[in-house]
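Following: one structure in structure tokens, then a few remarks.
Heavy atoms only: backbone and side chains are in, while hydrogens, waters and symmetry mates are out. Values in this document were obtained by computation on a predicted structure and should not be read as measured data.
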Amino acid sequence: MVMKWQQLISNKRLGQEIRHSERHDDRSEFKRDYDRLIFSAPFRRLQNKTQVFPLPGSIFVHNRLTHSLEVASVGKSLGDDVAHELKERHPELTGTLFEEIGAIVSAACLAHDMGNPPFGHSGESAIRAFFSEGKGRPLKEHVNGFFWSDICRFDGNANAFRLLSHKFKGRRNGGFAMTYAMLASIVKYPFPSYHAAKCKFGFFTSEYNDYLKIAEELGIPQLSLGNGHERWARHPLVYLVEAADDICYEVMDIEDAHKLKLLSFEETKSLLLRFIDEMGQNRILERIREEQIDDRNEQINYIRACVIGVLEHECVKVFVEHEEEILAGTFSGSLIDHIGEPARAAYEACKKLSKMRIYGSKIVLDVELSGYKIMETLMETFIEAVLHPDKFYSRQLLNRVSNQYEIDAPDLETRIMAIIDFISGMTDVYALDLYQKIGGISLPVV
């Protein structure tokens, strides 16, 4: 089954399939998605969530919010450029919702990290480990096997889909009510946890039916893998969201590492110029001289902008060249995997250096160690509270939890998931503050 653009780009909203509210402006439904996200509390909280380096002191580096905004900007360019190229190939798409794929990708990019817990991958690991090897392990005997697979493999990608599709108590209309096309565009791993080889999957069991509804509506085919494994093809726009993220995190982490002096000016400059052919390098260096850009940070900033332009162009080219495979669900890997030289070799060099010099640096490891301990303690304390809610200390703790989370639900699985929702939605600073208070390390100041 080959996917069709006219069906893939649907502005139907999850949870509002029948009811349509009155419109007072000319925004498209996909622009409404973007606006709903950018003005939402979960999106604002990304300002206080670690991207890679500790939250900024005197030197500003990226947090989850600035990263998501940059990814959305690159995603908009990718979507707009792909739409322009493919309309020439498919004139029948002109004047249809297909022309808005830039807006869809941009909104999906804003949302792609909204499910990440405090302290990033360290926070994810702490939640998983609490159940798989920590004090939550005995709970396995009291919950469904599918649910157990979800929480032992907890993943920020699946949590983002839950955040945007689940109807939490007390929220207006019960949830975000995003468009089908936008929601499908954030599901990077279109299969449930119990069919995931590792800890990457697209949706929790609780949102399985929501994804199934979206896939059927958009004509996303289920792939035949044998062994009863459920896996769907990716929505084509997932590749553009993924590419925008790949471009931004790799290149921007290099720039941040230079600001923090983990990388010297010369090696950063050399690393970034490798993305560009010799003629292009000469033009860039000449422009820097002509405009008298003497500040070294500004020079790196300018070269970095050129690199993003090169990578964006390369990814658009790959997407257009492989459109048939993407629509057939047979395209393998990411767009970045297929870009041409010299950009491909330069990207691999950045990945290798980042692993050794950035992600393994003391400053990053210290945050991960601290974050893991904070998250482990919060999980232990609050799960114990929902298991024994009648205890005095449990009641005091649970009074701290917003009423949108169903901590008083009659079934254990809902209560456990409510605590995961509560903790994963915290900012780094809030998680640290709560950790200190429940540990008696600090007292509130009036």
Quiz prompt | H121 atom NE2, neighbour heavy-atom count above 12 within 6.0 Å | solution = no
### Message
Can you confirm whether M279 is buried at CE, in the sense that more than 12 heavy atoms of other residues, nucleotides or ligands lie under 6.0 Å from that atom?
### Response
no
Looking only at heavy atoms, the pair that brings M182 and L37 closest together is CE-CD1, 3.7 Å
### Message
Quick one: does any side-chain atom of R162 pair with a main-chain N or O of E207 as donor and acceptor, under 3.5 Å?
### Response
no
Salt bridge flag under 4.0 Å for residues K87 and E99: yes
All heavy atoms of C315 vs all of L335, minimum pair found to be O-CD1, 3.8 Å
Q: State whether the side chain of S122 and the backbone N or O of Y372 hold a donor-acceptor pair below 3.5 Å, judged by distance alone.
A: yes
- Residue pair H166 / D421, side-chain donor-acceptor N/O under 3.5 Å: no
*Using a cut-off of 6.0 Å, state whether more than 12 heavy atoms not belonging to E278 lie near its atom CD.*
no
For a quick check under 3.5 Å, do H67 and E70 share a side-chain donor-acceptor pair by atom type? no
Open item on the list: What I'd like to find out is whether the side chain of H235 reaches to under 4.5 Å of the side chain of S185, using heavy atoms alone.
Closed with: yes
Looking only at the side chains, is there a donor atom on one of E255 and H258 sitting less than 3.5 Å from an acceptor on the other? no
* Give a yes or no on whether the backbone of W232 and the side-chain of Q222 come within a donor-acceptor separation of less than 3.5 Å. => no
If you define the side chain from C-beta out and look only at heavy atoms, does anything of I423 sit under 4.5 Å from P117? no
Kindly determine whether R287 and E290 satisfy salt bridge (Lys or Arg N to Asp or Glu O under 4.0 Å), including the steps that lead there. CA-CA 5 Å; R287 185 78 177 270; E290 287 177 354; 5.3 Å; no
Measuring only between side-chain heavy atoms, which start at C-beta, is D113 closer than 4.5 Å to L65? no
Taking every heavy atom of I220 against every heavy atom of A233, the minimum-distance pair comes out as CG2-O, 3.1 Å
Is a side-chain donor-acceptor pair under 3.5 Å present for D253 with S354?
no
Check: Between R357 and S361, is any pair of side-chain heavy atoms under 4.5 Å apart?
Finding: no
TODO: For the residue pair F422 and F382, categorise the inter-ring angle as parallel (less than 30°), tilted (30 to 60°) or perpendicular (more than 60°).
DONE: perpendicular
Q) What do you reckon, is NZ of K317 surrounded by more than 12 foreign heavy atoms closer than 6.0 Å? A) no
Donor-acceptor pair, H112 side chain versus C109 backbone, under 3.5 Å? yes
May I ask you to check whether D411 and T414 show a side-chain donor-acceptor distance below 3.5 Å? yes
Would you say that more than 12 heavy atoms from the other residues, nucleotides or ligands in this model lie under 6.0 Å from the CD of E92, or not? yes
Donor + acceptor pair across side chains of E312, S77 (<3.5 Å): no
Should the pair R234 and Y239 be classed as cation-pi, given the thresholds of under 6.0 Å to the six-membered ring centre and 45° from the axis?
yes
Q.
Do I358 and I254 have side chains that approach each other closer than 4.5 Å (heavy atoms only, starting at C-beta)?
A. yes
Say whether, by atom type as modelled, one donor and one acceptor occur between the side chain of R344 and the main chain of I336 under 3.5 angstrom.
yes
Check: Do the non-hydrogen side-chain atoms of L240 and L237 ever get within less than 4.5 Å of each other?
Finding: yes
If only atom types and distance count, is the side chain of Y347 paired as donor or acceptor with the main-chain N or O of D246 below 3.5 Å?
yes
message: If only side-chain N and O atoms count, and only distance matters, is there a donor-acceptor pair under 3.5 Å linking D33 with T179?
response: yes
Q | Residues E29 and R32 bridged, charged N to O under 4.0 Å | A | yes
Fill in: Flag side-chain contact, heavy atom, 4.5 Å: V320 against L86
yes
| Sidechain N-carboxylate O distance under 4.0 Å for K49, D428 | no
- prompt: Is there a ring pair (Phe, Tyr, Trp, His ring centres under 6.0 Å) between Y189 and F201 once you walk through the steps?
  reply: CA-CA 5 Å; Y189 308 99; F201 60 100; 8.8 Å; no
Note to self: For the backbone of V367 and the side chain of S370, can you confirm whether one donor and one acceptor N or O come within less than 3.5 Å of each other?
What the structure shows: no
TODO: List the steps, then state whether ring pair (Phe, Tyr, Trp, His ring centres under 6.0 Å) holds for Y194 with F146.
DONE: CA-CA 6 Å; Y194 47 87; F146 295 132; 4.4 Å; yes
If we ignore hydrogens and angles and just use 3.5 Å, is the side chain of R36 paired with the main-chain N or O of A177 as donor and acceptor? yes
Can the ring centroids of H338 and F331 be said to lie less than 6.0 angstrom from one another? yes
State, without any angle test, whether Y302 and E291 hold a side-chain donor-acceptor pair at a distance under 3.5 Å.
-> no
Taking the side chain as C-beta and beyond, is there a heavy-atom pair between F30 and V105 under 4.5 Å?
no
Closest heavy-atom pair, G202 versus F161, reported as atoms and distance to 0.1 Å, is O-CB, 3.8 Å
Item to check | Distance-only polar pair, side chains of E323 and H90, donor-acceptor under 3.5 Å | outcome: yes
ask   = Would you say T66's side chain and N63's backbone share a donor-acceptor pair under 3.5 angstrom?
value = yes
Sidechain-backbone polar pair: E230 side chain, H195 backbone, donor-acceptor under 3.5 Å: no
